[in-house]
Each structure stands twice: as structure tokens, then as C-alpha cells.
Amino acid sequence: MTKYNYEFKAKIVAECLAGIGSKTLTHGYNIPNGQIIIDWVKKFQKYSVEGLEVNHRRQIYSSDFKQQVLNWMKQHQTSYRVTALHFNIPSALRILS
């Protein structure tokens, strides 16, 4: 079971886009840190509602795809977080695994 469902994420993103700060939202909804909210907003802005959908199965990435991701990251000198957003990978930590 996921910690945050689609409806919850959509509500938080809507409030953030309406001008409520991520710090206020983290306190009001007991979210560990504001970066989680910022990531949701960026995913929503890039992928619309699909960016907030919860994927219940773990995606298996091919070695070719992983190499492509790492090459793109190196070429564009981006962080793991930016790279994960670009490739619609749920978590930056997944790039390392």
C-alpha cells in the first residue's frame, strides 16, 4: 500500500498551485518534507494527472534504458531528481538500483 494516494497528491498539488507554500502544507498534512510536495508539483506540471498516479507494481528497467538514463544525466549534468523527472521514474533512488 502506498503512503499517499492519487486523490491526496492532487489535493496537495492544487493547494500548492493556488499559492499555499510547501512548508505550510507539510505541517498541515503531516508530510515529512516540502521536497515531496515540490516533486509532486513538478511531475504534475510535466505529465499532468498521470504524473501523480500511483503505480502499484515495480517497474523493471532494461540495462539499455539504465545506460541511456545515466548517459543523459552525465551529458546534461543534472541531478538524480531532475533525471528521474525527465524520464518519469518514480523515485530518484531508482536510478541507482
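As a basis for the values below, the full set of heavy atoms in this structure was taken, side chains included, without hydrogen atoms, waters or symmetry mates. FYI, the numbering just counts along the sequence from 1.
For S62, the side chain to side chain contact (heavy atoms under 4.5 Å, CB included) criterion is met by D64, F65, not counting sequence neighbours. Every residue was checked against the side chain to side chain donor-acceptor pair (under 3.5 Å) condition with E53, not counting sequence neighbours, and none meets it. Remark: R94 engages no residue in a salt bridge (charged side-chain N to carboxylate O under 4.0 Å, His left out) (not counting sequence neighbours).
Around the CD atom of Q77, the shell of radius 6.0 Å holds no more than 12 heavy atoms that belong to other residues, nucleotides or ligands. Within 6.0 Å of the CG atom in N30, the count of heavy atoms belonging to other residues, nucleotides or ligands does not exceed 12.
Of the candidates Y61, W72, Y80, F87 forms a ring-ring contact (aromatic ring centres under 6.0 Å, His included) with just one, namely W72.
The nearest pair of heavy atoms linking Y6 to V49 is OH-CG1, 3.3 Å. Closest heavy-atom contact between C16 and I37: SG-CG2, 4.1 Å.
Here L85 is tied into one hydrophobic group with Y47, each link being a pair of ILVMFWY side chains closer than 4.5 Å.
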Verify side-chain contact (heavy atoms from CB on, under 4.5 Å) between N71 and K74, making sure each step is shown before the conclusion. CA-CA 5 Å; N71 287 341; K74 182 177 180 182; 5.8 Å; no
Going through the distances and angles, do Y4 and I12 end up as a side-chain contact (heavy atoms from CB on, under 4.5 Å)? CA-CA 10 Å; Y4 305 108; I12 300 300; over 6 Å; no
For a quick test of your reading: what N or O donor-acceptor pairs under 3.5 Å do the side chains of residues 17-27 make, sequence neighbours left out?
{"unit_1": "T26", "atom_1": "OG1", "unit_2": "S22", "atom_2": "O", "d": "3.4"}
{"unit_1": "T26", "atom_1": "OG1", "unit_2": "K23", "atom_2": "O", "d": "2.7"}

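Note on I89: it clusters hydrophobically with L70, by side-chain heavy-atom contacts below 4.5 Å among ILVMFWY residues.
In this pair, Y29 and F8 present their aromatic rings perpendicular. The plane angle is above 60°, beyond the 30 to 60° band.
The salt bridge (charged side-chain N to carboxylate O under 4.0 Å, His left out) pairs that include a residue from residues 28-47 are D39-R81, where partners are two or more places apart or lie in different chains.
Within the 3.5 Å criterion, the main-chain N or O of F44 finds no donor-acceptor partner in the side chain of S48.
One distance of note links OG1 of T83 with CE of M73; it measures 5.0 Å at 0.5 Å rounding.
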